[in-house]
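Some notes on the structure that comes next.
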Amino acid sequence: MTMHSILVVGGTGKTGGRVAAGLRARGADVRVAARSADVRFDWNDRATWDAALDGVAAAYVVPLDGALLTRPFAERAARLGVGRLVLLSGRGVDVPGYGDPSSAVGRTHVDGEDAVRSGDVPWTILRPGWFAQNFSEGFFREAVLAGELRLPAGDGAASFVDAEDIADVAVAALTEDGHAGRTYELSGPRALTMAEAAAEISAVTGRKIRYVPLSPDEFVAELVEQGWPAGDAKEYADVVAAIRLGLDAHISDGVRHALGRDARDFTGFVREAARSGAWRA
Ligand SMILES: NC(=O)c1ccc[n+]([C@@H]2O[C@H](COP(=O)([O-])OP(=O)(O)OC[C@H]3O[C@@H](n4cnc5c(N)ncnc54)[C@H](OP(=O)(O)O)[C@@H]3O)[C@@H](O)[C@H]2O)c1
């Protein structure tokens with residue numbers, strides 16, 4: 001594929017930032033779009049969409065959880081001649097009982113996948129499980145710094161996927177042939193319980209981090225006490241339930257299918273995150 005501009009929606013985030021870096025390393029002209037990026041793009045302000053989409057050959061799309069905006073965005077992309085779309089979705093959207101399909105996140109991904117599949121632009125869908133980077137840049141970082149991961153994950157394990165792998169798959173799908181019409185299920189190469197993940201981070205960083213299993217009710221009550229809206233706290237508990245129920249322990253082969261190599265291991269992620277100072281308070 002000839003390298004024209006490639007749009008990265010959500011290009012300042014965990015996956016988008018890495019996608020943008022990977023594209024630049026390949027010599028692509030990258031257009032990073034977000035509310036805080038040079039190309040100001042706001043999902044909630046459609047007046048900002050055309051400037052982001054105009055003249056790009058392909059786009060990586062991190063959707064806005066809780067909204068149903070991927071469909072009109074994909075339609076607009078088709079109208080403006082975008083040649084391919086790579087959509088970030090999530091593991092389990094097609095698995096009954098994995099999560100609540102009526103939850104804000106569930107609805108975003110179910111509708112978003114349907115939108116790109118039924119649209120006019122060649123597409124690739126990425127379905128990652130829990131990101132390893134949740135521990136270093138996302139939901140779990142504060143808990144790691146506080147030394148206690150308090151979650152309703154029971155003794156369940158998750159096959160955490162490295163966001164570097166998600167980005168590598170996205171870059172391949174954006175720049176190479178052979179990925180159109182594919183849905184890649186992405187995970188790491190092994191499943192770890194929260195206690196094991198905490199132990200790995202402790203071993204590499206020298207910080208004492210322990211996992212404290214909570215019941216879903218205890219977890220929701222703690223979050224509400226910290227000021228979370230009850231509905232958001234319940235949704236968070238529901239998402240973590242997939243780990244407790246053992247639905248996140250399986251290994252997916254999307255990294256190998258897309259890239260012809262194994263997925264990165266959690267230990268490598270921990271070393272890299274520690275090296276880059278992710279857990280410096
Ligand atoms: N974390 C996980 O374990 C996991 C697992 C599976 C799937 N997912 C899915 O991954 C997605 C999140 O991806 P990520 O972690 O790479 O993103 P992220 O780190 O949460 O970053 C979000 C990006 O979107 C931008 N953004 C946020 N609100 C926006 C708005 N209203 N308009 C325009 N841009 C906006 C942010 O930049 P600005 O704030 O500057 O706008 C940022 O660039 C979600 O859809 C989630 O469901 C996550």
Side-chain angles (χ1 to χ4, degrees), residues 7-22 30-49 51-53 59-70 72-73 86-95 98-101 103-113 115-116 125-141 143 151 153 158-171 183-188 191-192 194 197 232 235-236 238-243 247-248 252 254 266 269 278:
L7 171 65
V8 183
V9 172
T12 56
K14 290 187 286 302
T15 62
R18 290 173 169 86
V19 172
V30 182
R31 190 180 294 175
V32 169
R35 292 169 304 180
S36 58
D38 287 346
V39 176
R40 201 187 81 78
F41 171 85
D42 189 338
W43 276 109
N44 292 312
D45 177 4
R46 294 189 194 201
T48 64
W49 291 12
L53 282 165
Y60 175 71
V61 182
V62 174
L64 182 63
D65 285 353
L68 300 182
L69 293 168
T70 305
F73 185 79
V86 177
L87 177 69
L88 182 64
S89 178
R91 170 181 259 185
V93 295
D94 61 340
V95 178
Y98 176 91
D100 179 355
S103 73
V105 178
R107 287 188 321 129
T108 298
H109 290 321
V110 170
D111 190 64
E113 287 199 7
V116 299
I125 291 171
L126 312 187
R127 282 187 184 159
W130 286 87
F131 301 176
Q133 276 75 6
N134 288 320
F135 292 96
S136 55
E137 302 168 33
F139 304 120
F140 307 149
R141 180 171 180 272
L151 290 165
S159 52
F160 297 101
V161 59
D162 195 315
E164 296 287 348
D165 280 340
I166 302 171
D168 285 351
V169 174
V171 168
T183 299
Y184 291 121
E185 303 276 349
L186 306 173
S187 81
L192 293 91
M194 286 294 170
D232 291 356
E235 278 223 358
Y236 191 176
D238 286 348
V239 181
V240 177
I243 301 180
L247 300 172
D248 263 316
S252 303
F266 192 79
F269 149 73

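Bear in mind that the values here come from a model prediction, so they are computed numbers and not experimental data. Counting convention: from 1, in listed order, for ligands and their atoms alike.
- Closest protein heavy atom to atom 6 (C) of ligand 1: Pro128 O, 3.4 Å.
- Heavy-atom proximity to Ser36, at under 4.0 Å, picks out these atoms of ligand 1: 38 (P), 40 (O).
- Taking every non-hydrogen atom of Ala34 and a distance limit under 4.0 Å, the qualifying atoms of ligand 1 come out as 37 (O), 38 (P), 40 (O), 41 (O), 43 (O).
- If you look at Leu64 next to ligand 1, the close heavy atoms, those under 4.0 Å, all belong to the side chain.
- Protein heavy atom in closest approach to atom 16 (O) of ligand 1: Thr15 OG1, 2.7 Å.
- Scanning all protein heavy atoms for the shortest distance to atom 12 (C) of ligand 1 gives Val62 CG1, 3.7 Å.
- Applying the salt bridge (Lys or Arg N to Asp or Glu O under 4.0 Å) definition to pairs two or more places apart or across chains, those involving residues 129-138 are Arg18-Glu137.
- Trp43 N, 2.9 Å is the protein heavy atom nearest to atom 32 (N) of ligand 1.
- Close approach of ligand 1 to Pro63 is summarised as follows: ligand atoms under 4.0 Å from at least one heavy atom of the residue are 45 (O).
- Under 4.0 angstrom from ligand 1, the non-hydrogen atoms of Phe41 come from both its backbone and its side chain.
- Nearest protein neighbour of atom 46 (C) of ligand 1, counting heavy atoms only, is Asp65 OD2, 3.3 Å.
- Contact annotation: for Ser89 versus ligand 1, heavy atoms closer than 4.0 Å belong to the backbone alone.
- Applying the ring-ring contact (aromatic ring centres under 6.0 Å, His included) rule to Phe160 yields the partners Phe135, Phe266; only residues at least two apart in sequence or on another chain are considered.
- Close N/O approach between Gly13 and ligand 1 is found [any backbone or side-chain N/O within under 3.5 Å].
- When hydrogens are left out, the protein atom nearest atom 43 (O) of ligand 1 is Thr12 OG1, 2.6 Å; that is the closest non-hydrogen contact.
- By the criterion of a heavy-atom distance under 4.0 Å, neither the backbone nor the side chain of Gln133 is placed next to ligand 1.
- At the top of the distance list for atom 29 (C) of ligand 1, counting protein heavy atoms only, stands Arg35 NE, 3.4 Å.
- From Lys14, atom NZ reaches atom CD1 of Ile166 across 9.5 Å, with rounding to the nearest 0.5 Å.
- Of all atoms in ligand 1, listed by their number and element, those nearer than 4.0 Å to a heavy atom of Val105 are 47 (O).
- Note on Arg40 versus Asp45: salt bridge recorded, some NZ/NE/NH1/NH2 to OD/OE distance being below 4.0 Å.
- Here the CG atom belonging to Leu88 is positioned 6.5 Å from the NE2 atom belonging to His109, to the nearest 0.5 angstrom.
- Using 4.0 Å as the threshold, Gly17 has no heavy atom nearer than that to any atom of ligand 1.
- Residue-ligand proximity, Phe139 to ligand 1, at heavy-atom distances under 4.0 Å covers atoms 1 (N).
- Atoms of ligand 1 lying under 4.0 Å from any heavy atom of Asp42, numbered from 1 in the order shown and given with element: 30 (C), 31 (N), 32 (N), 33 (C).
- Residue, atom and distance of the protein heavy atom nearest to atom 8 (N) of ligand 1 are Phe131 CZ, 3.7 Å.
- The distance from atom CG of Leu186 to atom CG of Asp162, rounded to the nearest 0.5 Å, is 11.5 Å.
- Residue Leu88 touches ligand 1 through its side chain alone, judged by heavy-atom distances below 4.0 Å.
- Residue Asn134 touches ligand 1 through its side chain alone, judged by heavy-atom distances below 4.0 Å.
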